[in-house]
Amino acid sequence: MGDKSDVLQGTLDLMVLKTLESMGPLHGYGIARRIEQVSGNALTLNQGTIYPALLRLEQRGWIKSAWGVSESNRRAKFYSLSPRGHRQIEEETENWERTAATMARFLAPSS
Amino acid sequence: MDWFCELLSRCSALFHRRGLDLDLEEEVRTHIDFAVEENLKRGIPAAEARTEALRRFGGLTQTKEEYRMQRGLPFVETLGRDVRYALRQFRRSPGFTLTAVLTLAIGIGGLTAVWSVVEAVLLRPLPFDAPDRLVRLHEGVEHMLEPADLPAPDVIRFARDNQTFTQVGGYISAGFEVSGAGKPFQAKAERITAALLPMLGAQPMAGRVFTQQEDENAAPVALIGYALWRERFQANPKAIGATIDLDRRPYTIIGVMPRTFEFPLDAGRLSQRDMWVPMSFTQDEKQDETDDFQYGAIARLKPGVTLAQARSDVSRMVAAIEALIPPQDGIHLTSDVRFLQEETIHSARPLLTTLLAAAGLILLIACVNLANLLLVRAAGRRRELGVRVALGAARKTILRQLFTESLVLSAVGGALGLALAALLVRMAAVALPDSLPRLGEIAVRLPALLVALGLTALTGILCGWAPAVAGIRPDLIGSLREGAQGAGQSRRQQRMRGTLATVEVSLAMVLLVGSGLFLRSFQNMLSTDPGFEPQHVLTASITLPEHDYVSAQKVDGFSRDLLQQLGTLPQVNSVGVATNIPVIGINSDRNFVPEGYSPRSGQNWLSVSNYFVFGDYFRAMRIPLVEGRYFTPDDDRPDAPLVAIVSQTAARQHWPGVDAVGRKFRMGGAPKSTRPLIMVVGVVGDVRQGALDQAVYPQMYEPLQQSRRQWETEVQLQIPPYRSFHIVLSTASSPMALQATVEKTIHHLDPLLAVSDMQSMEEVVSATEISRRFNTWIVTAFAAIALALSLLGIYGVLAYSVSERGREIAIRMALGSTRQKVLLRTLREALTLAGVGISVGVVAAIGLTRFLSSLLYNVKPLDARAILGAAIVLGFCAMTAALIPARKAASVDPMRALRTE
């Protein structure tokens with residue numbers, strides 16, 4: 001986790017995984033919208049960037065994809081979490097908590 | 001694990017790019033549709049809903065591009081694109097491509113082929129079990145015999161008394177007349193001790209090897225080689241257990257050795273043995289202390305034993321043997337132990353390293369040539385590259401593409417080179433001189449392939465880099481300004497190309513000088529007088545089987561009848577038999593002591609190469625008489641005085657400054673020998689004992705009928721008669737026409753006798769020239785290739801320089817320069833290139849040719865004629881190559897050139 005883009009990439013990955021965990025199978029647009037909503041629109045995301053991220057997660061075997069039909073009766077690709085994805089979330093969450101805690105200590109008023 | 005999944009998925013994505021693209025298309029479209037739908041729901045006007053959706057999505061194309069980068073292997077895809085681009089470029093300039101690919105193929109193919117040979121002969125371990133632990137034992141006599149092989153009793157002693165070997169195996173070659181399996185023939189066999197094959201780890205492909213018991217009891221059993229099994233037994237498994245007659249004694253075949261088995265690993269194809277029989281030392285051999293150093297011995301070192309320990313062990317045993325010899329004989333035995341591998345390849349090393357160096361030079365020239373070609377090409381494409389840079393192509397991309405281009409070129413050249421190598425190797429297995437060991441094993445092997453591929457890649461990088469740098473360095477924008485700077489701008493590149501061409505010329509010069517030295521050596525060899533006249537002389541060899549020719553009387557009777565019957569044949573002028581013939585490389589050394597000879601310390605043994613002759617041998621061979629007389633039939637009488645004829649060198653060495661005729665000597669080595677005195681009655685010219693490029697050795701001739709009478713009276717009866725002869729006939733017409741008649745005459749006397757090596761003496765002599773002829777031919781071929789490549793280099797540089805300077809030349813002509821001056825100017829440029837190259841080449845050659853000295857004959861490595869000749873050839877050819885561009889330059893039409901530029 002060296003440079004900035006890696007951190008951001010890792011962030012987006014975890015957001016996607018977490019979204020799928022809480023929402024169940026979802027298409028790309030749904031995921032993008034959900035991330036925007038959860039972040040309280042603090043994060044303005046180029047929605048397109050979600051797709052390379054989804055592909056990366058799928059390549060690593062953390063999520064699966066399948067074509068399906070949406071509520072509005074549109075053909076869309078649905079993504080869902082794989083068992084390895086679940087494990088990955090635990091790992092990543094732990095990482096994040098550790099990083100966040102470390103950062104918090106640095107940013108504490110005493111310094 | 002995760003990265004591996006990712007890699008797999010990326011790889012598989014390479015193969016369904018189109019389907020995945022469609023998927024992505026659809027997914028993105030759906031995304032936009034969802035967004036538009038939501039926007040509409042939120043009450044955004046239809047016209048803006050779509051724009052808004054696209055805005056939120058971000059760049060469509062960027063996203064897709066990013067997605068694709070994540071999906072496949074961008075590196076591979078770029079490479080594929082670059083390769084396709086390169087191929088398209090090559091298709092557009094077939095002349096350049098063909099030249100470049102051929103240049104590379106020749107360089108790579110040549111080196112791979114030579115490497116394959118070197119690998120088979122020099123580098124590959126011997127085809128035996130743990131070959132690095134096998135050593136060969138040697139024994140010699142101080143001041144007389146360099147460590148050679150062993151006397152038979154010492155093979156037994158070493159096997160019994162050593163402390164450093166797990167096993168010792170002995171062997172000696174033997175010839176057998178084989179009958180009972182088709183037409184009788186003379187087979188090449190090896191007598192081997194029972195320990196030998198197990199020690200080498202050699203197994204028969206069928207049957208078994210013989211046991212220690214069979215060896216000791218002289219069991220008549222034989223192992224046959226694969227070739228013999230195929231030819232004489234039609235590869236029938238029933239051959240095992242069958243009986244064949246060797247020298248008219250029945251032997252049982254107990255095993256067939258595999259096709260790849262070869263022992264001993266002597267040089268040449270012709271040395272391969274047909275069969276192996278038990279050594280079964282005879283009583284005579286076991287007691288033979290007459291220093292018959294002819295029995296080979298190989299041993300396997302005990303684990304942990306070093307070569308030095310083995311050496312001291314053997315010298316300890318040799319010292320014990322020496323203690324048995326009366327000290328007054330003044331004999332000091334010497335010994336040596338060498339690794340078998342080292343010894344097998346020893347003599348082949350100089351030639352093969354030379355060939356490897358030559359092939360390496362060729363590849364180097366090929367690389368330089370290719371670099372030059374690519375450089376010219378890159379310069380020619382400067383404008384194109386300039387446009388591309390101006391249009392925004394990254395320098396990195398252009399460098400990468402030039403790099404890929406040269407790699408592709410190397411790959412194609414490499415593939416073609418490999419095909420060429422396969423062809424050459426197949427040819428080499430047939431054409432290589434017999435002086436190399438293990439010829440049967442030559443094939444393009446994986447290591448050779450890897451070397452070639454490595455070189456190909458390296459060549460690509462080296463040749464790709466130089467032009468790439470040159471193509472990018474100059475002011476690209478400037479190059480767009482149509483010819484504004486003319487020739488001035490490319491001066492830097494022109495200089496670089498000139499340097500490369502000079503390098504090529506100097507490398508070619510080195511090879512040409514080498515080739516000149518080889519040619520001069522070969523010429524010297526051909527003009528060497530063999531000492532006899534090989535024209536119209538037929539020779540054949542026979543061996544009378546001991547079984548049927550027990551007594552000396554019977555042997556003598558046969559040879560007398562043979563000479564008599566052959567002598568009466570029409571077309572035969574004179575006929576003789578001898579125990580040896582010239583140029584076949586066999587030196588039957590014998591020691592002798594001139595009467596009144598007082599040994600100086602350190603040089604108490606004299607030896608000569610010895611011939612026993614019968615009949616009109618000298619006249620048949622036309623060996624000139626220098627002094628005294630030839631032998632006469634009177635010398636063959638049982639009571640005739642003992643006489644001998646010596647060669648000029650022998651006379652000069654042993655009776656210096658005096659007339660040798662009338663001098664007397666005794667055979668045998670010890671000065672106090674009691675053998676009868678023999679008188680020299682004639683001096684004849686020297687004959688060459690080995691190939692014509694080998695040193696002269698002194699010879700001595702004695703009448704065959706006197707051979708036993710040279711011994712002390714009491715042992716004469718125990719000396720076995722000579723049973724192997726060479727028949728020599730001088731004929732009035734073509735000797736080959738007499739072959740059938742001669743064979744019929746011999747079979748008339750003994751229908752079973754195998755007649756071998758029937759050939760004209762001219763053939764015998766030319767067989768000794770084969771290896772030098774081959775060396776000369778191949779080095780000259782290499783030099784010719786180098787010459788051609790370097791001429792191509794000079795031509796390329798000049799042709800390009802002329803085409804680029806059309807404007808300059810036109811201006812010169814417009815200002816009054818004549819066509820002749822333009823022509824001379826271009827030629828002068830070529831002369832400068834060639835001159836500098838030749839000078840550098842001469843210096844390099846002077847430094848390098850001394851490594852060739854062991855391969856040359858009567859030529860010094862710094863032979864002025866070879867160097868001068870090479871310089872003249874190269875200079876002349878360079879001028880010829882320059883003539884085409886020079887004339888083109890002279891034919892420039894000033895008006896047209898100035899108008900178009």
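Here is the naming used below: chain letters follow the sequence lines, and residue numbers restart at 1 for every chain.
A search for side chain to side chain donor-acceptor pair (under 3.5 Å) contacts involving A:Thr102 returns nothing, not counting sequence neighbours.
The local environment of CD in B:Gln62 is sparse, with at most 12 non-hydrogen atoms from other residues, nucleotides or ligands closer than 6.0 Å. No more than 12 heavy atoms of other residues, nucleotides or ligands sit less than 6.0 Å from atom CZ of B:Arg18.
Annotation: residues 20-27 of chain A contacts chain B through A:His27 [non-hydrogen atoms, separation under 4.5 Å]. The stretch residues 73-81 of chain A places A:Arg74, A:Arg75, A:Ala76, A:Lys77, A:Tyr79 near chain B, each with some heavy atom under 4.5 Å from a heavy atom of that chain. Using non-hydrogen atoms only and a strict 4.5 Å limit, the part of residues 31-40 of chain B facing chain A consists of B:His31, B:Asp33, B:Phe34, B:Ala35, B:Glu37, B:Glu38.
In terms of heavy-atom proximity, B:Gln70 sits nearest to A:Pro52 at CG-O, 3.7 Å.
Remark: B:Thr63 OG1 to A:Tyr51 OH distance equals 9.5 Å, nearest 0.5 Å. For the atom pair OH (B:Tyr67) and OG1 (A:Thr49), the distance works out to 13.5 Å, reported to the nearest 0.5 Å. Note that the CZ atom of B:Arg10 and the CG atom of A:Leu55 stand 8.0 Å from one another [nearest 0.5 Å].
Only the side chain of A:Gln88 comes within less than 4.5 Å of a heavy atom in chain B; its backbone stays farther off.
In terms of non-hydrogen atom pairs under 4.5 Å with chain B, the most contact-rich of A:Gly28, A:Ala32, A:Ser72 is A:Ser72.
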